[in-house]
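Contents: one structure, followed by commentary.
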Amino acid sequence: MHEADPGVAIAAPGKGRAERTLDVLSFVLSDVRYGLGAYLSVYLLTVHHWDEASIGLALSFGGLVGLASQTPLGAMVDAVQRKRALLGFAVIIVTATCLVIPLSPHFWSVAVAGVIGGLAGTTISPALAAISLGIVGPRCFAYRAGRNEALFHLGNGAINVVILLTAPFLGTPVVFWMMGLTAIASVLAVRAVPSAAINHELARGLLPDADGHLTRPSLWSTLISSRPLLVFAVCGAFFHLANGSMLGLVAQKLALAFPGQTIALTAACAIAAQSVMVPAAMLAARRADDWGRKPLLLAAFVALALRGVLYTVWDHPGWLITVQLLDGVGAGLIGALFPVVVADLTRGSGHFNAAQGAVGTVHAVGGVISGALGGSIVVMAGYHAAFLTLAGFAAIGAVLFWVFMPETRTSSTRFQPGDLGPREGGPTPLQVEAFEPAAQHQAVIPNPR
């Protein structure tokens, strides 16, 4: 609970400092947010000589637990008021589970570390989103979420470049050193966020009703009663069904065609995508309130479908890496706007982070299916058939999104001139608006029809 009475307009002490700290935090979290990622597979394969099947099985436990835990952990983020401590603790746990692997590189220790790290890692994104929403409020959240995502991709790209340049001299351990350094920086950045700048009712998407009382509808009524939220979940599942295995299939195709250059070409694909994710996320940050969320998300679906088709045009590595730039468009826009759309559709419910978890679970199911489906199609009909099939799923998702998904931006969540910039001395227009009675925000959960 915020120190002030939630029924009155309040100042946000340290708001400017808090936003600057969020910039640093979003940048340095990039190496902790998803753990070691693909580097762990390479480490176990090349250093400890695990076979591919054992690697996949050991890492699958953490993935499945993380998938199943998104909604309850999101609800926990809603309930916990000490969100800074929760985020810092999650960073420490994720880092510890990664750094313990070189000490005990055995199947069950890696599997257990993956489960514990998966649970902790699942809380990082919703906790960051909640802290951001609690600092800037709903009207500036689209800009803040897009800025967070852009800085995350910028940090991710920078760290990958550092690893790429130093690995030939320092070897695989550089991955673990970078993990430890960014974890320390992340914890320091979390501690630097001013506690007084976070309104914990706003952070969970809760607003007072017309009488100034805080209403708390049930989580399931929030999820089930909002048709746009269900549509967003289903369409997002189609997006991740199409997107989940594309990069892996491109990497496999390059590995078969150019043996000995796999790491360099895969890194080039990843860096190419990250270089576009940054401007794409910033575009979402700056234009989501002017253009609306829907046109930008439609552009993400179209870019994904076009990417799948273009992969079949030419097998030259330069062409495949160039096409990979479209991955940056789709992932950058989706990543930036995902929390924004969920916040739009759950505003006033108090279940913002739990809804992120529920919708994210549906999206993740699409990604899990994508891996198995893409590989099966390659075996049966080849890479071109796989890419075209995945592009088809992206096109289906685009049509469903266009027909059934309403625009979620409302006048009360639209960014206004003057909302940005540090204001240390008194109430801001944003803060006054954020604590107006909910009767003035009838579009909090849009009419399902």
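Worth saying up front: this structure is predicted, and the values here are computed from it rather than measured.
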Task: Under 3.5 Å side-chain donor-acceptor pair for Asn148 and Ser26 - done: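 Side-chain D/A pair, Asn148 to Ser26: present.
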
- [ ] Fit a plane to each ring of Tyr311 and Phe387, take the angle between them on a 0 to 90° scale, and name the class: parallel (under 30°), tilted (30 to 60°) or perpendicular (over 60°).
- [x]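 Aromatic pair Tyr311/Phe387 classed tilted.
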
Open item on the list: In terms of relative ring orientation, are Phe61 and Trp108 parallel, tilted or perpendicular, with 30° and 60° separating the classes?
Closed with: tilted

Looking at every non-hydrogen atom in both residues, tell me the closest pair between [X] and [Y] and how far apart they are.
| X | Y | answer |
| --- | --- | --- |
| Gly88 | Val190 | N-CG1, 4.2 Å |
| His240 | His363 | CB-O, 3.3 Å |
| Val32 | Ser186 | CG2-OG, 4.1 Å |
| Gly332 | Ala280 | CA-CB, 4.1 Å |
| Leu202 | Leu133 | O-CD2, 3.1 Å |
| Leu73 | Leu119 | CD1-O, 3.3 Å |

Taking [X] for its side chain and [Y] for its backbone only, find out whether a donor-acceptor pair lies under 3.5 Å.
| X | Y | answer |
| --- | --- | --- |
| Thr123 | Ala90 | no |
| His200 | Gln81 | yes |
| Lys294 | Thr408 | no |
| Thr182 | Met179 | yes |
| Ser30 | Asn156 | yes |
| Asp78 | Ala354 | yes |

- [ ] Answer yes or no: does atom OH of Tyr383 have more than 12 heavy-atom neighbours from other residues, nucleotides or ligands under 6.0 Å?
- [x] yes

- [ ] Please assess Arg20 against Asp23 for the test salt bridge (charged side-chain N to carboxylate O under 4.0 Å, His left out), listing each intermediate value before the final yes or no.
- [x] CA-CA 5 Å; Arg20 291 189 293 272; Asp23 287 345; over 6 Å; no

TODO: Check each of Arg139, Arg409, Arg293 against Asp344 using the salt bridge (Lys or Arg N to Asp or Glu O under 4.0 Å) test, and report the only one that passes.
DONE: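 Of the listed options, the one satisfying the test is Arg293.
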
Open item on the list: Using side-chain heavy atoms (C-beta onward) and a distance below 4.5 Å, is Leu304 in contact with Met246?
Closed with: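 Yes; the side chains approach each other to less than 4.5 Å.
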
- [ ] Report yes if the side chains of Met277 and Asp327 come closer than 4.5 Å at any heavy-atom pair, otherwise no.
- [x]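 A side-chain contact under 4.5 Å exists here.
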
What is the distance from atom [atom1] of [X] to atom [atom2] of [Y], rounded to the nearest 0.5 Å?
| X | Y | atom1 | atom2 | result |
| --- | --- | --- | --- | --- |
| Leu320 | Leu249 | CG | CG | 11.5 Å |
| Ile101 | Leu44 | CD1 | CG | 6.5 Å |
| Gln324 | Arg307 | CD | CZ | 4.5 Å |
| Phe141 | Phe352 | CZ | CZ | 4.0 Å |
| Leu297 | Phe301 | CG | CZ | 7.0 Å |

Open item on the list: Is there a side-chain contact (heavy atoms from CB on, under 4.5 Å) between Trp314 and Val323? Walk through the geometry before answering.
Closed with: CA-CA 10 Å; Trp314 195 13; Val323 173; over 6 Å; no

TODO: Measure from the ring center of His48 to the ring center of Trp50 and say whether it is less than 6.0 Å.
DONE: no

Task: Intermediate values then yes/no, side-chain contact (heavy atoms from CB on, under 4.5 Å), Met405 and Val341 - done: CA-CA 11 Å; Met405 186 68 189; Val341 172; 4.0 Å; yes

- [ ] Any chance you could lay out the side-chain contact (heavy atoms from CB on, under 4.5 Å) test for Phe393 and Ser370, step after step, and finish with the verdict?
- [x] CA-CA 10 Å; Phe393 283 120; Ser370 179; over 6 Å; no

TODO: Go through the steps to decide whether Ser245 and Leu390 satisfy the test side-chain contact (heavy atoms from CB on, under 4.5 Å), and finish with yes or no.
DONE: CA-CA 9 Å; Ser245 61; Leu390 296 176; 3.4 Å; yes

